[in-house]
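Heads up, the thing below is written out as structure tokens.
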Amino acid sequence: MNYIWKEWKESVRSKGLWLSLGIMIIVSLLMLSRSSDFSLDQGFYLLLVNLFEGLIYFVPILCLFLGAFSIFQEKEQKTLVMLLTRQESTLSFLGKKSLAIQLVLLAPIFVWFFIYLIPLKMNFIVDLHHYFLFLVALLGFILVFTQIGVFIGSISTSRMQITGIAVVVWFYFFFLHDFILLSVLPTITHDNVQLFSVAYFLNPIQAVRMFLESGLGLYSFGNMSRLLESFMWLSPSIFFGVNLLFWIGVSFALAVLLHRKEGS
Amino acid sequence: MKKILSLLFLFVLFIGPCRPGATENLQSMIDEASDGATIQLESKTYEGNIVIEKPIQLIGQGNTTIKGDGTGNVISVRAEGVTLENIGVENSSMDRNSSEEYAAVKVYTNGNTLRKLTIKDSFHGIYLSKAHHNTIDQVHVQGSGDEEIAGQGNGLHIYYSNQNTITNNEIEGTRDGMFFDYADGNIVLNNKITKTRYGLHYMYSNENEFKNNIFTFNTGGAAVMHSNGLTLENNQFIFNYGHRSFGLLLLSANDNHIENNTFYMNQRGLYIDQATRNTIRNNHIYQNQIGIELWASSSDQIFTQNVISENTIPAVTLGGTGNNAWSKEAIGNDWGNSFPILDLDQNNIGDHSAIFQSSLYELIEDQELTYLFLKSPAISIYEKMNELLNKSKIMFEDEHPLVSHPKKQVVLWPVVLLVLGIVVMMKMKSLPSKT
């Protein structure tokens, strides 16, 4: 509990959390204002899809920075060394710190999108179940990249290092991963399509997008070809869940194993 | 005494009316009515199935329902001049093994009016079988949804039926919304079709008019196949978004007029294959993954005065180079911000051709999984890289692209940026520096 309260007090005083929240608020309001022409029944889904597509551009990089700098601050202030010496192991420290960072970031975002429901209900016919699904997708997305950010902060020894690694990670997931898959796409057949599918859904952006669109009932898988059936060998929800667990687990494990105590 | 009373009570319970208000035989009422009579139905459930063999009017009230027995059509109309109005119809046969396809209302004759019907739990909603000059208006058909294809039929099934008027209907969750099969000269206005396989499944039918209809959340908005002379105007094709979905499919469809329609947020706005001489004019095609997918087997299409903007890929030609026109009488299409086009003489027509090159055509032709990547930002990198390596091919050349000039806001953006810059500088000066 101390970790969470401490993290909250530090984040409230810093600019990072407010900057991230501010950008999210501005983007959601801009999308809402652009959606004034949408019809009553389709507008809700149009807004959610457009909002999600807008958010994925900057949410990953912000989460990476927030997670990384939060850990790095402990190194800079030398509190990390004190904690590890006196009472915590690396595992317990990173566990509690990760939990604190995630909660402190997710809580205000959740509150904002709860408030956001009010103008939504005024303008469109809102399906609460689908809105909840959107929230789950977004918060899961944030969880993954914040945890990867914790890993970056754990292994880095300087702010420049954090910035560099975060940008590379963001570039990889945003562009490079899919570019590599596009390049090997001509070689994909029934024999290797499942492996390709695993590689495709390893990208959190694709896993979350597929989960959201199929959950909202927008992306139908009726009349699938054999190839597509083999590609979708698990449901989008399972792909999403496994992706979440994989990246959170791997990031946390690597953060513990490759942890560096000192910052410069 | 007590025993006798309790026995009497049980007797009354079991022998009394089994269901409230369902005692009148509707078929008898119809058979006894004279030609031209109006039968006012009460607000209750009547037992089907019924066959109407004389011109009468059946008018229901708020909760009037005719419930079939599940063995055939709930209502069969076998006379001309019948009116069915304000009635709920449900529970036709769902049998797929019989030679006949059953429906809630099956019409075999001409000149009938079906108005304000609410149909559910039936195989087809309304089936017109060689029935002409009928009116279907304000009918609501609710299918079973869940993308069920085999286990249910279509909302409206129009079979060898001509000159019908189909207006203001709402169809949701059926197999296809409307199925036209050898049906000519029909007018279809102001309908809403959602969550079906094909909102409009249209085959071997000519000279029909579709105006002001809305097709949303279907696997395919409208599939027009082997048909000619169709007029599609002012319709909206929105959010037909699944894998390989489309707003409008033209397959072996010729001489059709596609004008003033909106194609928005579809996987593919238009998908044109083996089609010739169609005019696609003044449509708004935007925010689709692929604006227009045009197979080389199609020729002599005319694309003019369309606004094709903000699509991931504006247009792609597959299977070789077709012979289609991207302008007519020196008026092309407005491509939005897809291409930088100069218009120095300010005549709203570009000073040079709009040429779009893409390398994705090969991937799309050979590998259906390519569609999964269209929303990824990696697509733009893929296209740029292949452009540099000269692996792109010209998808289309619009010799007279339209250029719209937005209202002059020359002053606005620099002012906004200036104000932002001043605010940031002031903030930075007032904050204490952190080490």
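Note on naming: letters A, B, ... go to the chains in the order of the sequence lines (proteins, then strands), and numbering restarts at 1 for each one.
Residue contact with chain B, scored on non-hydrogen atoms closer than 4.5 Å, involves the backbone and the side chain of A:Phe174 alike. When heavy atoms are compared at a cutoff of 4.5 Å, A:Tyr45 approaches chain B by way of both its backbone and its side chain. Looking at A:Ile188, both its backbone and its side chain come within 4.5 Å of chain B, counting heavy atoms on both sides. Using a 4.5 Å cut-off between heavy atoms, B:Gln287 touches chain A through its side chain atoms alone. Residue A:Leu46 touches chain B through both its backbone and its side chain, counting heavy-atom pairs closer than 4.5 Å. If you measure heavy-atom distances from B:Phe239 to chain A, the contacts under 4.5 Å come from the side chain alone. In this structure, chain B has no heavy atom under 4.5 Å from any part of A:Asn203. Looking at B:Leu372, the atoms closer than 4.5 Å to chain A (heavy atoms on both sides) sit in the backbone and in the side chain alike.
Note on A:Ile180, A:Val49, A:Leu176: by heavy-atom pairs under 4.5 Å with chain B, the leading option is A:Val49. Considering only heavy-atom pairs separated by less than 4.5 Å from chain B, the leading option among A:Phe231, A:Phe179, A:Phe196 is A:Phe179. Contact tally against chain A (heavy-atom pairs below 4.5 Å) for B:Met265, B:Arg244, B:Gln267, B:Arg197: the top residue is B:Met265. Among A:Ile56, A:Leu181, A:Asn50, A:Leu182, the residue making the largest number of heavy-atom pairs under 4.5 Å with chain B is A:Leu182.
The side-chain heavy atoms of B:Tyr241 and B:Phe217, taken from C-beta on, include no pair separated by under 4.5 Å.
Considering CG of B:Asn240 and OG1 of B:Thr216, their distance stands at 7.0 Å, rounded to 0.5 Å.
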Inset, instruction - Would you sort out whether B:Ile238 and B:Asn266 count as a side chain to side chain contact (heavy atoms under 4.5 Å, CB included), showing the intermediate values? - result: CA-CA 6 Å; B:Ile238 300 175; B:Asn266 302 291; 5.5 Å; no
Legend entry - Evaluation steps, side chain to side chain contact (heavy atoms under 4.5 Å, CB included), between A:Val136 and A:Phe211: CA-CA 10 Å; A:Val136 166; A:Phe211 167 73; 4.1 Å; yes
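Other residues, nucleotides and ligands place no more than 12 heavy atoms under 6.0 Å from the OH atom of A:Tyr57.
No close placement of the A:Phe44 and A:Phe124 rings is indicated, their centers lying 6.0 Å or farther apart. Not less than 6.0 angstrom separates the ring centroid of B:Phe179 from the ring centroid of B:Tyr202.
The side chain to side chain donor-acceptor pair (under 3.5 Å) pairs that include a residue from residues 365-377 of chain B are A:Asp178-B:Ser376, A:Glu213-B:Lys375, A:Ser225-B:Glu368, B:His243-B:Glu368, B:Arg268-B:Tyr371, B:Glu293-B:Tyr371, where partners are two or more places apart or lie in different chains.
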